[in-house]
Amino acid sequence: MKILQTALSAVAATAFALGSTAAFAYPDKPVTIVVPFAAGGPTDKVARDLAEAMRGPLGNQPIVIENVGGAGGTLGAARVAKAANDGHTLLLHHIGLATAPALYRSLSFKPLEDFEFAGMINEVPMTLIGRSTLPANNYAELSKWLNDNKGKINLANAGIGAASHLCGLLFQQAVQIDMATIPYKGTGPAMTDLLGGQVDLMCDQTTNTTSQIESGKVKAFAVTTSKRLTTPALRALPTLDEAGVKGFNVSVWHGLYAPKGTPKAVVDKVNAALKTALKDPEFVKRQEALGAVIVTDARTNGADHKKFVEAEIAKWAPVIRAAGQYAD
Ligand code: ASP
């Protein structure tokens, strides 16, 4: 199947190169963006905003979001790695693409080999949040509560390989307290349980947590970046580093990918549409209001983003190994 796809994409690439039109016009049907997490979560929010902003630049073809949650984002990534490489199935993923190789003993896809890199989208800080009924109102009180409740604390995440998992893993290691982790298909459904008080804590992107923090439905203790945030609702939050968890610095980036062998002309068109979307004032406004920082540098180029992901894989592998956690 893959061989046939590769042959077809070679034909498509030739047709593009020769300037052939109708047969290989792209996109010539709806484009699917696979989100490797459940609907309603932060990755899903980025994808839905981006889909709206990319629709015009992609000739007004509908862009459909397909949520393939589970196993920390690896199921959705595997789905796109094996999809037809004609540009009609894309993957919107995040830092998990770079951490999965160190976390999984066997992974059914290779991040750097199985995708064409269309470009980077944004960087999103995370927040450490808790259920509203937690008897702690700031990080110092949370720290005391954690120490008093060892063995009883649980922490929601989106499975091994998710950003919430990475953040929780590093946090537990830093404070030397083990917590029971409760995996969800995404932090959208995890948030529902946090709001309901079924879980105690979660570390998640500001794109999912800002409105809940603002309305007081969850308690916020710190941000995970090395600098405080400027978003009005989050400005008062200390960094974890300031709060005493020295050197803590995690930020989630998102990127867009096509299956390996997608014709260059198609990937270039996706990249051009992405770049246009990243300048769309509505998209920028919506993302920035939720604490996301839109990428405007060379990382929006496919090749530069690939180099960045390569560096991220190298950066996180020793950290994850030191934390001693992996899955099958
Ligand atoms: N924020 C989640 C994570 O990686 C995934 C999601 O978007 O639902 O932890």
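Order of appearance sets the numbers: ligands from 1, and atoms from 1 within every ligand. Quick caveat: nothing in here was measured; it's all calculated off a predicted structure.
Short contacts between ligand 1 and Gly186, defined as distances under 4.0 Å to a heavy atom of the residue, involve ligand atoms 8 (O). Atoms of ligand 1 lying under 4.0 Å from at least one heavy atom of Thr43, given by number and element, are 5 (C), 6 (C), 7 (O).
Under a 4.0 Å N-O distance rule, the pair Arg299/Asp304 does not qualify as a salt bridge. Salt bridge annotation for Glu52-Arg48: absent, with no cationic side-chain nitrogen under 4.0 angstrom from a carboxylate oxygen.
Residue pairs meeting the disulfide bond (SG atoms under 2.5 Å apart) criterion with at least one member in residues 150-194, sequence neighbours excluded, are Cys167-Cys203.
Note on ligand 1: Pro42 sits in its first shell, one or more heavy atoms being nearer than 4.0 Å. The closest approach between a heavy atom of Asn157 and any atom of ligand 1 is not below 4.0 Å. The closest approach between any non-hydrogen atom of His94 and ligand 1 is below 4.0 Å.
At least one donor-acceptor pair under 3.5 Å links the side chain of Asn249 to the backbone N or O of Ser226.
Ala77 approaches His93 most closely through the heavy-atom pair CB-CD2, 4.0 Å.
Side-chain atoms of Asp44 and Asn67 form a donor-acceptor pair, as typed in the model, at a separation below 3.5 Å.
Of the protein's non-hydrogen atoms, Thr187 OG1, 3.2 Å is the one closest to atom 2 (C) of ligand 1. From the protein, the heavy atom lying nearest to atom 9 (O) of ligand 1 is Ser164 OG, 2.4 Å. Protein heavy atom in closest approach to atom 1 (N) of ligand 1: Gln205 OE1, 2.5 Å.
Note: His305 and Tyr257 meet the aromatic proximity criterion, with ring centroids under 6.0 Å apart.
By the criterion of a heavy-atom distance under 4.0 Å, the side chain of Asp204, and not its backbone, is placed next to ligand 1.
Geometrically, ligand 1 and Ala163 share a nitrogen or oxygen pair separated by less than 3.5 Å.
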